[in-house]
Amino acid sequence: MAEQQQFYLLLGNLMSPDNNVRKQSEETYDTIPGQNKITFLLQAVRDASAAEEVKQMAAVLLRRLLSSSFEEIYPGLTLEMQTAIKTELLTSIQQETSPNIRKKVCDIAAELSRNLIGNHPEILTAYKDFWVYWSLLQTMEDQSNPRVQAHAAAALINFTEDCPKSLLIPYLDSLVQHLHVIMVAKLQELIQKGTKLVLEQVVTSIASVADTAEEKFVPYYDMFMPSLKHIVENAVQKELRLLRGKTIECISLIGLAVGKEKFMPDASAVMQLLLKTQTDFNDLEDDDPQISYMISAWARMCKILGKEFQQYLPVVMGPLMKTASIKPEVALLDTQDMENISEDDGWEFVNLGDQQSFGIKTAGLEEKATACQMLVCYAKELKEGFVEYTEQVVKLMSMPLLLECARVRGPEYLTQMWHFMCDALIKAIGTEPDSDVLSEIMHSFAKCIELMGDGCLNNEHFEELGGILKGKLEEHFKNQELRQAKRQDEDYDEQVEETLQDEDENDVYILTKVSDILHSVFSSYKEKVLPWFEQLLQLIVQLICPNRPWADRQWGLCIFDDVVEHCSPASFKYAEYFLRPMLQSLCDSSPEVRQAAAYGVGVMAQYGGENYRPFCTEAIPLLVRVIQAADSRSKENVNATENCISAVGKVMRFRPECVNVNEILPHWLSWLPLNEDKEEAVHTFDFLCDLIESNNPIVLGPDNSNLPKIFLIIADGVANESVKSEDACSKRLANVIRQVQVSAGLWTQCVSTLNETQQKAIQDLLNTA
């Protein structure tokens, strides 16, 4: 009890206005072991006698702990402790009298469930009553506290968005029935009292459930669609714009979930409602929330209707182009100017030193990025049906899909369009201030180079592009240094850290796009581009230094992977810079780094040439160690592990002299199939076909005794869609099965070991390959 009272005092000090008291309290809080923190914080949240501000602080810290330190703490708790946490949260949601605390406990429950679903679904499924789902539904039905209802609905949205379909389906009927009851009640409340907050969240909850359930939502379609259409038709007042926008989103997501056949009877009426809104589009204010919902809804309707959507393009394209054409206001301001503009006016600022700041008005930029994505969707779905719009869209932005559309007009038209696009694209990569828009442009540029291939860039393009990419990499390092400096400021706290982490994620995302562009250049130009690449070499080497953050090392290795894959054997001249870090990274603590390193070993074996032979030999025991680790197949590790398995296969296949194939092959067979990394799965199945077709005695076993195991590997691969009918190896696998069919006894032996799903997969393969 005394410990708990001391903890309450600590929570109070964490809220102290005195910086010194707060900082000392934060240091004390950080020394408390994670499991103890959970116990103390949960007790504080549940303690009816504790002050509300103390309970609120405890709830915020508990959620933050489950968000940032889940993997370090939760799996180490006893099963009894894990169950107690869930029970305490459920009891608190049901019994807590303070609406503010109940809202925060809903958030904690959603955070915990998200982590369980994302990292440990086996824990969640073992907990048979799906605890968080029931507690949130019960809270949503609390008519006396609308704000708590809305918060519970928002938490349910987060929960269902992350919940795998397979976990949601057993509870779908009950969940949908509850949501329908709540929606009907809140719709009546809107009509009678004009209250809309909870209804907005319920509509989004329904959309989220439909999006996850997909075709399983078909039986509930008629339960919701009439009410949703009624809202869109009648919620025309200004204060209902957000509700109307969310309902438009919900209708389009349900349509996409249930498919064209079920949706078609309502499609015409829905389209007319959307068209009416679209016709009034010019009358909408710039900040009208309906705009972004409308733009996304049209794209979903395009996916549902396919070619039939082409007739609506004349209505849709005008407003979409207008939104995609938004140009942000930018300004260079001194300190005096800054005093006259606040960030509340939609401006964001970056301090440039010397009492100057760079300002950008961000209003409308999110809609611009969405509009650009929707143009991609139209081009992808309609292809030649979009050709009339390619030229005007190219003047606005670039997309590889537009080039694909333009192909129908012949190679000359295609080349002219690319020349028009290329200069503008490179310039935009160098000048675009908004990171979301910049990443879209960089991604599009990379895809365009892949599409156009060797010769699409001239010397001037390469010179300008090299300077821009060098600048992006230098800026990446500089931004990291600035963030580290901010962590030493006296004003540094958890809120500042959250902002710094957001900035870091943005920077890393741009780094991934630098990698995309280099990948497209290497894959198109091969070793011819290496002299140009040397201006960036030292910066890429800097990325893979051991002291860099894991994301830097991951993407630095990915770039060197491309150098090996596309520029070998000439790539070996740079081996001194990357080979040792790559081999060391095979055992890195970060799975993303391990994955990039393992892929590198695979391409060394496949493409590298003679010089890489000793390194392939050295890599094998390191790869095997990763594969055989106890947690190698956990969700966070499985992709790295599968790349290691594929790399071992590639060394055996392309560099058999570097490994004892007879010793490793039985182990490799036991590691199959690969279920997560589909590209690498195809490589492993190709090699497996080689081995079977050459009657490899180790793979087939004495008297073909391994064939049932091979059948199991093939069946699992097909069932998990690791192998698809369009893959070349699917025909080879089908032929293996057909050869076994000839021997009735062997066929029966192989098929008898398969479950129903696996047997169906084998039959599907025979029917389609």
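Using a 4.5 Å heavy-atom threshold, the side chains of S722 and L674 count as separate. Side-chain contact between L665 and L691 is present, with heavy atoms from C-beta onward closer than 4.5 Å. Using a 4.5 Å cut-off on side-chain heavy atoms (C-beta onward), F477 and L539 make contact. You'll find the side chain of V723 reaches within 4.5 Å of the side chain of C729, heavy atoms only. For the pair I692/R732, no side-chain contact is recorded, criterion being any heavy-atom separation below 4.5 Å from C-beta on. Taking 4.5 Å as the limit, some side-chain heavy atom of L473 sits within range of a side-chain heavy atom of L543. Residues F685 and L733 have side chains in contact (heavy-atom distance under 4.5 Å, counting atoms from C-beta outward). No side-chain heavy atom of V718 sits under 4.5 Å from any side-chain heavy atom of I762.
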Throw together a table of side-chain donor-acceptor distances under 3.5 angstrom for residues 646-657, partners on residues two or more places apart or in other chains.
unit_1, atom_1, unit_2, atom_2, d
S646, OG, E680, OE1, 2.5
K650, NZ, E680, OE1, 3.0
R653, NE, D690, OD2, 3.0
R653, NH2, D690, OD2, 3.1
R655, NH1, E610, OE2, 3.0
R655, NH1, E657, OE2, 3.0
E657, OE2, R613, NE, 3.4

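Closest approach of A570 and L530 over heavy atoms only: CB-CD1, 3.9 Å. Pairing each heavy atom of R483 with each of D504, the nearest pair is NH2-OD1, 3.1 Å. Nearest heavy-atom pair, Q758 versus D716, reported as atom, atom and distance to 0.1 Å: NE2-OD1, 3.0 Å. The minimum heavy-atom distance between D552 and H476, with the atom names listed, is OD1-NE2, 2.8 Å. Scanning both residues, I713 and L688, for their nearest heavy atoms gives CG2-CD2, 4.2 Å. Among all heavy-atom pairs drawn from C658 and T617, the shortest one is O-OG1, 3.1 Å.
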Exercise. After noting the C-alpha distance and the side-chain angles of Y612 and S571, does the key distance pass the side-chain contact (heavy atoms from CB on, under 4.5 Å) rule?
Worked result: CA-CA 10 Å; Y612 287 103; S571 66; 2.7 Å; yes
Problem set entry | Working for side-chain contact (heavy atoms from CB on, under 4.5 Å), residues I544 and I559 | CA-CA 10 Å; I544 62 172; I559 291 166; over 6 Å; no
Problem set entry | Verdict with reasoning, I645 to T641, per side-chain contact (heavy atoms from CB on, under 4.5 Å) | CA-CA 6 Å; I645 295 167; T641 301; 4.2 Å; yes
For this session: Evaluate the criterion salt bridge (Lys or Arg N to Asp or Glu O under 4.0 Å) for residue pair K635 and E676; output intermediate values, then yes/no.
Result: CA-CA 10 Å; K635 184 174 180 182; E676 297 300 322; over 6 Å; no
For this session: Evaluate the salt bridge (Lys or Arg N to Asp or Glu O under 4.0 Å) criterion for residues K573 and E534: first the C-alpha distance (whole Å), next the side-chain angles of each, then the deciding distance (0.1 Å), finally the verdict.
Result: CA-CA 11 Å; K573 66 190 286 190; E534 288 181 2; 3.6 Å; yes
For this session: Give the C-alpha distance, both sets of side-chain angles, the deciding distance and a yes or no for side-chain contact (heavy atoms from CB on, under 4.5 Å) between D562 and L518.
Result: CA-CA 8 Å; D562 279 323; L518 289 173; 5.8 Å; no
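At least one donor-acceptor pair under 3.5 Å links the side chain of T499 to the backbone N or O of Q495. With hydrogens and angles ignored, the 3.5 Å screen pairs no side-chain donor or acceptor of N639 with any backbone N or O of E592. Panel note: side chain N696, backbone V699; a donor-acceptor pair is recorded below 3.5 Å. Here the side chain of E642 pairs a donor or acceptor atom with the backbone of D677 at under 3.5 angstrom. Not a single donor-acceptor pair under 3.5 Å links the side chain of E505 to the backbone N or O of D502. Without hydrogens or angle criteria, S523 side chain to S520 main chain gives a donor-acceptor distance under 3.5 Å. In terms of modelled atom types and a separation under 3.5 Å, the side chain of S632 and the main chain of Q628 share no donor-acceptor contact. In terms of modelled atom types and a separation under 3.5 Å, the side chain of D489 and the main chain of Y492 share no donor-acceptor contact.
The 12-atom threshold is not exceeded at NZ of K478, counting heavy atoms of other residues, nucleotides or ligands nearer than 6.0 Å. Counting heavy atoms of neighbouring residues, nucleotides and ligands inside a 6.0 Å radius, atom NZ of K486 does not exceed 12 of them.
Distance CD/Q554 to CG/L511: 9.0 Å, rounded to 0.5 Å. Distance check, rounded to the nearest 0.5 Å: OG of S568 to NZ of K526 gives 10.5 Å. M442 CE to I468 CD1: the interatomic distance, rounded to the nearest 0.5 Å, is 9.0 Å. With values rounded to the nearest 0.5 angstrom, I517 atom CD1 is found 6.5 Å from I449 atom CD1. The distance from the CG atom of D561 to the NE2 atom of H566 is 9.5 Å, given to the nearest 0.5 Å. Taken from CD1 in I510 to NZ in K472, the straight-line distance is 7.0 Å, to the nearest 0.5 Å.
Aromatic ring pairs are classed by plane angle as parallel below 30°, tilted from 30° to 60° and perpendicular above 60°; the pair F615 and F572 is tilted.
The pair E721-K678 fails the salt-bridge criterion, with no side-chain N (NZ, NE, NH1 or NH2) lying under 4.0 Å from an Asp/Glu carboxylate O. A salt bridge links D516 with K513: at least one charged nitrogen is closer than 4.0 Å to a carboxylate oxygen.
Exactly one residue among E503, E498, E497 makes a side chain to side chain donor-acceptor pair (under 3.5 Å) with Q501. That residue is E497. Considering N643, N637, D588 in turn, N637 is the only one that fulfils the side chain to side chain donor-acceptor pair (under 3.5 Å) rule with R594. With F560 as the partner, the ring pair (Phe, Tyr, Trp, His ring centres under 6.0 Å) test is satisfied by one option alone out of Y574, F578, Y599: F578.
Less than 6.0 angstrom separates the ring centroid of F522 from the ring centroid of F533. Under the 6.0 Å cut-off for aromatic ring centres, W668 and F687 qualify, their centroids lying closer than that.
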